[in-house]
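Accompanying notes for the structure given below.
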Amino acid sequence: MSIDPSRAQDVWKDVGEHVQFTVLKLNRQDQAHDQEVFQEFADRSQAIIRSLRIRDAKPETGTQLKVSIGISNTAWDYLFPNAPKPKELETFETLKGPKYEMPATAGDLFFHIRASDEAVVYEAMTQFERVLKPITSVIDETKGFRYFEGRAIIGFIDGTEAPAVEDAADYALVGDEDPTFENGSYAFAQKWQHDMPVWEHMTTEKQEKAVGREKFSDYELEDEDKFKNAHNVASKFEVNGEEQKIVRMNVPFSNPAAGNTGTYFIGYARHWTVTKGMLTNMVEKSDFLLTFSTLLSGQLFFIPSRDLLAQIADGEFH
């Protein structure tokens with residue numbers, strides 16, 4: 001067996017118009033019952049997605065619904081105590097740098113839903129919750145949106161360094177290095193709140209030096225024209241001189257009247273060590289984006305392949 005994107009969940013660069021991230025915790029009141037409910041959910045969730053894709057399909061575009069469902073390290077140990085575990089799945093721990101830190105927060109189950117219609121996003125999560133509500137509680141639910149031209153809320157094109165779709169499989173999906181979990185993916189979710197007045201009072205030139213790119217054209221600046229802690233410098237991670245990539249689908253979120261605006265970062269990777277290396281560099285080099293941002297969450301989840309979800313549904317994986 002080899003990497004096959006058709007066997008994976010939706011971990012591709014397809015940000016969507018309407019986006020929702022939901023993090024749940026397991027109540028852990030009855031392990032055997034919780035395992036049984038999750039087994040049912042593994043089956044029903046895929047049927048729900050298939051049904052909604054039929055209901056959402058439009059003659060000119062088809063369906064835009066994309067869903068990824070993830071499981072944390074602690075949830076994995078609870079739901080599948082006798083089963084193997086993805087090699088790189090661990091509980092994320094707070095990363096600390098000289099000035100800033102990236103906090104680790106709780107979370108057992110993760111949902112990344114996006115579509116061109118908010119009603120489809122709503123219906124998907126509502127139906128998922130019909131199965132999971134008896135055994136879970138909500139930790140966080142964040143609604144994101146596509147900003148102008150696919151830009152981040154700070155005005156720059158987002159995800160430029162992410163691999164093109166045709167090249168993404170090798171960066172996003174586990175391969176034969178971990179055969180049981182082939183076509184799965186390591187998802188890191190992180191919620192950033194920005195102090196937008198601070199950012200907006202900077203000159204465009206300073207913003208460009210901070211990000212490392214021209215704001216309008218997205219053209220990358222020469223190294224000498226960037227701040228030493230520019231975002232595209234601080235977040236770069238290399239192994240043996242070769243830059244490593246992940247698939248990112250960051251989206252803005254906002255409650256404008258409350259002044260609560262930020263970016264929900266989501267990165268899918270074949271190797272968690274790559275994402276972790278990027279995050280470590282960002283705190284160690286004091287990424288400029290951290291100077292006007294507060295990090296509200298940070299969790300690692302594993303996104304099983306659809307084949308593995310089917311095994312869970314059949315009771316073959318416990």
Point-to-point distance, once rounded to the nearest 0.5 Å, from [atom1] of [X] to [atom2] of [Y]:
{"X": "E208", "Y": "T203", "atom1": "CD", "atom2": "OG1", "result": "8.5 Å"}
{"X": "L65", "Y": "R55", "atom1": "CG", "atom2": "CZ", "result": "11.0 Å"}
{"X": "M202", "Y": "F292", "atom1": "CE", "atom2": "CZ", "result": "6.0 Å"}
{"X": "Y100", "Y": "K285", "atom1": "OH", "atom2": "NZ", "result": "16.0 Å"}
{"X": "S68", "Y": "W12", "atom1": "OG", "atom2": "CH2", "result": "10.0 Å"}
{"X": "H194", "Y": "E200", "atom1": "NE2", "atom2": "CD", "result": "11.0 Å"}

State, with a plain yes or no, whether a side-chain heavy atom of [X] is found less than 4.5 Å away from one of [Y].
{"X": "V283", "Y": "E101", "answer": "no"}
{"X": "D170", "Y": "R270", "answer": "yes"}
{"X": "I69", "Y": "F41", "answer": "yes"}
{"X": "V131", "Y": "V37", "answer": "yes"}
{"X": "R146", "Y": "V251", "answer": "no"}
{"X": "F253", "Y": "I153", "answer": "no"}
{"X": "V211", "Y": "I154", "answer": "yes"}
{"X": "T105", "Y": "Q299", "answer": "yes"}

Between [X] and [Y], which heavy-atom pair has the shortest distance, and what is it?
{"X": "P134", "Y": "N27", "result": "O-ND2, 4.1 Å"}
{"X": "S116", "Y": "H18", "result": "O-CD2, 3.4 Å"}
{"X": "M278", "Y": "Q244", "result": "CE-O, 3.2 Å"}
{"X": "G70", "Y": "I303", "result": "CA-CD1, 3.5 Å"}
{"X": "I3", "Y": "A169", "result": "CG2-CB, 4.0 Å"}
{"X": "G267", "Y": "I246", "result": "CA-CD1, 4.1 Å"}

Check the hydrophobic clustering (I, L, V, M, F, W, Y; side-chain heavy atoms under 4.5 Å; chains of links allowed) and say if [X] and [Y] are grouped together.
{"X": "Y78", "Y": "I71", "value": "yes"}
{"X": "W199", "Y": "F216", "value": "no"}
{"X": "L296", "Y": "Y264", "value": "no"}
{"X": "F148", "Y": "M196", "value": "yes"}
{"X": "F38", "Y": "M125", "value": "yes"}

Handout entry: Residue from Y171, F302, F110 passing ring-ring contact (aromatic ring centres under 6.0 Å, His included) with Y186
Key = F302

Are any side-chain N or O atoms of [X] and backbone N or O atoms of [Y], one a donor and one an acceptor, separated by less than 3.5 Å?
{"X": "N281", "Y": "S235", "value": "no"}
{"X": "Q20", "Y": "E141", "value": "no"}
{"X": "D108", "Y": "L26", "value": "yes"}
{"X": "E17", "Y": "D117", "value": "no"}
{"X": "Q29", "Y": "I135", "value": "no"}
{"X": "Q46", "Y": "R44", "value": "no"}
{"X": "T94", "Y": "A104", "value": "yes"}
{"X": "R28", "Y": "D34", "value": "no"}
{"X": "Q190", "Y": "G298", "value": "no"}
{"X": "R151", "Y": "K215", "value": "yes"}

Exercise for the section: Please lay out, stage by stage, how L24 and E129 fare under the test side chain to side chain contact (heavy atoms under 4.5 Å, CB included). Expected result: CA-CA 10 Å; L24 305 178; E129 275 288 271; 3.6 Å; yes

Decide if atom [atom1] of [X] counts as having more than 12 heavy atoms of other residues, nucleotides or ligands within a radius under 6.0 Å.
{"X": "K25", "atom1": "NZ", "answer": "no"}
{"X": "Q31", "atom1": "CD", "answer": "yes"}
{"X": "E177", "atom1": "CD", "answer": "yes"}
{"X": "E238", "atom1": "CD", "answer": "yes"}

Problem - K236 and D223 ion-paired at < 4.0 Å - result: no

Exercise for the section: Would you mind checking if E90 and K276 are paired as a salt bridge, meaning a charged N to carboxylate O distance below 4.0 Å? Expected result: yes

Exercise for the section: Pick out which of E205, Q207, R213, K206 makes a side-chain contact (heavy atoms from CB on, under 4.5 Å) with K209. Expected result: E205

Exercise for the section: Go through K85 and N73 one step at a time and tell me if the side chain to side chain contact (heavy atoms under 4.5 Å, CB included) criterion holds. Expected result: CA-CA 9 Å; K85 186 160 66 174; N73 182 47; 2.7 Å; yes

Problem - Evaluation steps, side chain to side chain contact (heavy atoms under 4.5 Å, CB included), between L89 and W272 - result: CA-CA 8 Å; L89 183 59; W272 159 236; over 6 Å; no

Exercise for the section: Answer with yes or no whether the side chains of Q127 and E123 bring together a donor and an acceptor at under 3.5 Å. Expected result: yes

Exercise for the section: Verify whether one side chain among D56 and Q64 offers a donor that lies under 3.5 Å from an acceptor in the other. Expected result: no

Practice task
Taking the six-membered ring for Trp and the full ring for Phe, Tyr or His, determine whether the centres of W76 and F181 are under 6.0 Å apart.
Solution key: yes

Practice task
Please test L295 against L290 for side chain to side chain contact (heavy atoms under 4.5 Å, CB included), starting from the C-alpha separation and ending with a verdict.
Solution key: CA-CA 8 Å; L295 272 63; L290 292 166; 3.5 Å; yes

